[in-house]
Enquirer: 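First the structure, then my questions, so here it is.
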Amino acid sequence: MGISFQGHEEAVNRLDGVVGWLTLFGNYHGVRGMELGEALKRTVEEGEKIIRSELMHFLEGRDADLHLAVLEAAKRENRWSSIKRGAEIILGRRLDDRTVTNALNALMEGNIIEKTTEGYRIADPIMRNMDFWTAGQR
């Protein structure tokens, strides 16, 4: 097709190589002809809309505040104990170990959080920068 693509490092780094987000970005930039910065901005905006919708579906029938607090804590912390403490601070109450473990397990089963050698982290690069606690304050 012969499309020149300079400055791609920013998009690849920001989207962490996730094929779906890179495809959306490529559509905005390569097909629709948007400038690189605008294409990346639109990709993130659209990604956040999709993620919020999917997250709200995931939270149906679950303790949304708990799961959102765990996600918010996981943006800054990667160790189980630090995530637990962060969620407790956000919620303003103590949490039982089993409750936090169950929330983390549910988030891992939903491919929202992943466990790495360094600990836990939010799997999606766009999701890592979203404000979950605000999202939970419906």
Enquirer: When you measure from the side chain of His29 to the backbone N and O of Met34, does any donor-acceptor pair fall under 3.5 Å?
Expert: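 Between the backbone of Met34 and the side chain of His29 there is a qualifying donor-acceptor contact (under 3.5 Å).
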
Enquirer: Do the non-hydrogen side-chain atoms of Leu40 and Arg14 ever get within less than 4.5 Å of each other?
Expert: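 Sidechains of Arg14 and Leu40: in contact.
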
Enquirer: Can you see which heavy atom on Ala87 is nearest to which on Ala73, and at what distance?
Expert: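 Scanning both residues completely, I find the closest heavy atoms to be N-CB, 3.7 Å.
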
Enquirer: Is there a side-chain contact between Thr101 and Arg98 in this structure, where contact means two heavy atoms from C-beta onward sitting under 4.5 Å apart?
Expert: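 Of all side-chain heavy-atom pairs linking Arg98 with Thr101, none is under 4.5 Å.
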
Enquirer: For the pair Glu88 (side chain) and Leu95 (backbone), establish whether a donor and an acceptor sit closer than 3.5 Å, ignoring hydrogens and angles.
Expert: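 Yes; at least one donor-acceptor contact below 3.5 Å.
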
Enquirer: Got a second to check how far Ile90's CD1 is from Asp65's CG, nearest 0.5 Å?
Expert: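 With rounding to 0.5 Å, CD1 (Ile90) is 10.5 Å from CG (Asp65).
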
Enquirer: Would you find a donor on one side and an acceptor on the other, under 3.5 Å apart, between the side chain of Ser53 and the backbone of Lys49?
Expert: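 No; judged by distance alone, with no hydrogens or angles, the pair does not exist.
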
Enquirer: Mind checking the CG-CD1 spacing from Leu107 to Ile113? Nearest 0.5 Å is all I need.
Expert: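 Between Leu107 CG and Ile113 CD1, I get 4.5 Å after rounding to 0.5 Å.
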
Enquirer: Under a 3.5 Å distance rule, please check whether Lys75 uses its side chain to pair with a backbone N or O of Asn129 as donor and acceptor.
Expert: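 No, Lys75 side chain to Asn129 backbone: no donor-acceptor pair under 3.5 Å.
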
Enquirer: Could you go step by step and tell me if Phe58 and His67 meet the side-chain contact (heavy atoms from CB on, under 4.5 Å) rule?
Expert: CA-CA 10 Å; Phe58 170 82; His67 287 76; 4.2 Å; yes

Enquirer: Is the backbone N or O of Gly37 less than 3.5 Å from a side-chain atom of Glu35, with the two atoms forming a donor-acceptor pair by type?
Expert: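 Answer holds: yes.
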
Enquirer: Measure the shortest side-chain to side-chain distance between Glu114 and Met108 over non-hydrogen atoms and say whether it is less than 4.5 angstrom.
Expert: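 A side-chain contact under 4.5 Å is absent here.
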
Enquirer: Mind listing the closest non-hydrogen atom pair of Ala11 and Leu22 along with its distance?
Expert: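 Residues Ala11 and Leu22, closest heavy atoms: O-CD2, 4.1 Å.
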
Enquirer: Going through the checks in order, is the side-chain contact (heavy atoms from CB on, under 4.5 Å) test met by Ile126 and Ile50?
Expert: CA-CA 10 Å; Ile126 292 176; Ile50 292 167; over 6 Å; no

Enquirer: State the CD-CG distance between Glu109 and Asn102, to the nearest 0.5 angstrom.
Expert: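 Answer rounded to 0.5 Å: 9.5 Å.
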
Enquirer: Using 0.5 Å steps for rounding, measure from the CG atom of Leu71 to the CE atom of Met130.
Expert: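 It is 9.5 Å, given to the nearest 0.5 Å.
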
Enquirer: Decide side-chain contact (heavy atoms from CB on, under 4.5 Å) for Asn27 and Thr23; before the verdict, give the C-alpha distance in whole Å, the side-chain angles of both, and the deciding distance to 0.1 Å.
Expert: CA-CA 6 Å; Asn27 179 277; Thr23 301; 5.9 Å; no

Enquirer: Using only atom types and a distance under 3.5 Å, with no angle test, would you say the side chain of Asp16 pairs donor to acceptor with the backbone of Val18?
Expert: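 No, Asp16 side chain to Val18 backbone: no donor-acceptor pair under 3.5 Å.
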
Enquirer: Step by step, work out the side-chain contact (heavy atoms from CB on, under 4.5 Å) result for Lys84 and Val70.
Expert: CA-CA 7 Å; Lys84 178 185 180 210; Val70 167; over 6 Å; no

Enquirer: Do the side chain of Asn78 and the main chain of Glu118 share a donor and acceptor less than 3.5 angstrom apart?
Expert: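 Pair found, side chain donor or acceptor close to backbone of Glu118.
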
Enquirer: Would you give the length of the straight line joining atom CG of Leu59 to atom CG of Leu68, rounded to the nearest 0.5 angstrom?
Expert: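 Rounded to the nearest 0.5 Å, the CG-CG separation comes to 5.0 Å.
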
Enquirer: Could you verify whether a donor N or O on one side chain and an acceptor N or O on the other, from Asp97 and Trp80, lie under 3.5 Å apart?
Expert: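 Result is no, nothing qualifies.
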
Enquirer: Find the distance between OG1 (Thr43) and CD (Glu48) and round it off to the nearest 0.5 Å.
Expert: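 One finds 11.5 Å between OG1 of Thr43 and CD of Glu48.
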
Enquirer: Give me the atom names and distance for the closest heavy-atom approach of Ala123 to Arg128.
Expert: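 Answer, listing the atom of Ala123 first, then Arg128: O-NH2, 2.9 Å.
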
Enquirer: Whether Glu46 and Arg42 form a salt bridge (side-chain N of Lys/Arg under 4.0 Å from carboxylate O of Asp/Glu) is what I want to check.
Expert: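 Salt bridge flag = no for Glu46 with Arg42.
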
Enquirer: Could you see if Ile83 belongs to whatever hydrophobic cluster contains Ile89? Use Ile, Leu, Val, Met, Phe, Trp, Tyr and a side-chain cutoff under 4.5 Å.
Expert: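 The answer is no; the residues belong to distinct hydrophobic clusters.
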
Enquirer: Count the heavy atoms of every other residue, nucleotide or ligand shown that sit under 6.0 Å from CZ of Arg32, and state whether that count exceeds 12.
Expert: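 Yes, the 6.0 Å shell around CZ holds more than 12 heavy atoms from other groups.
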
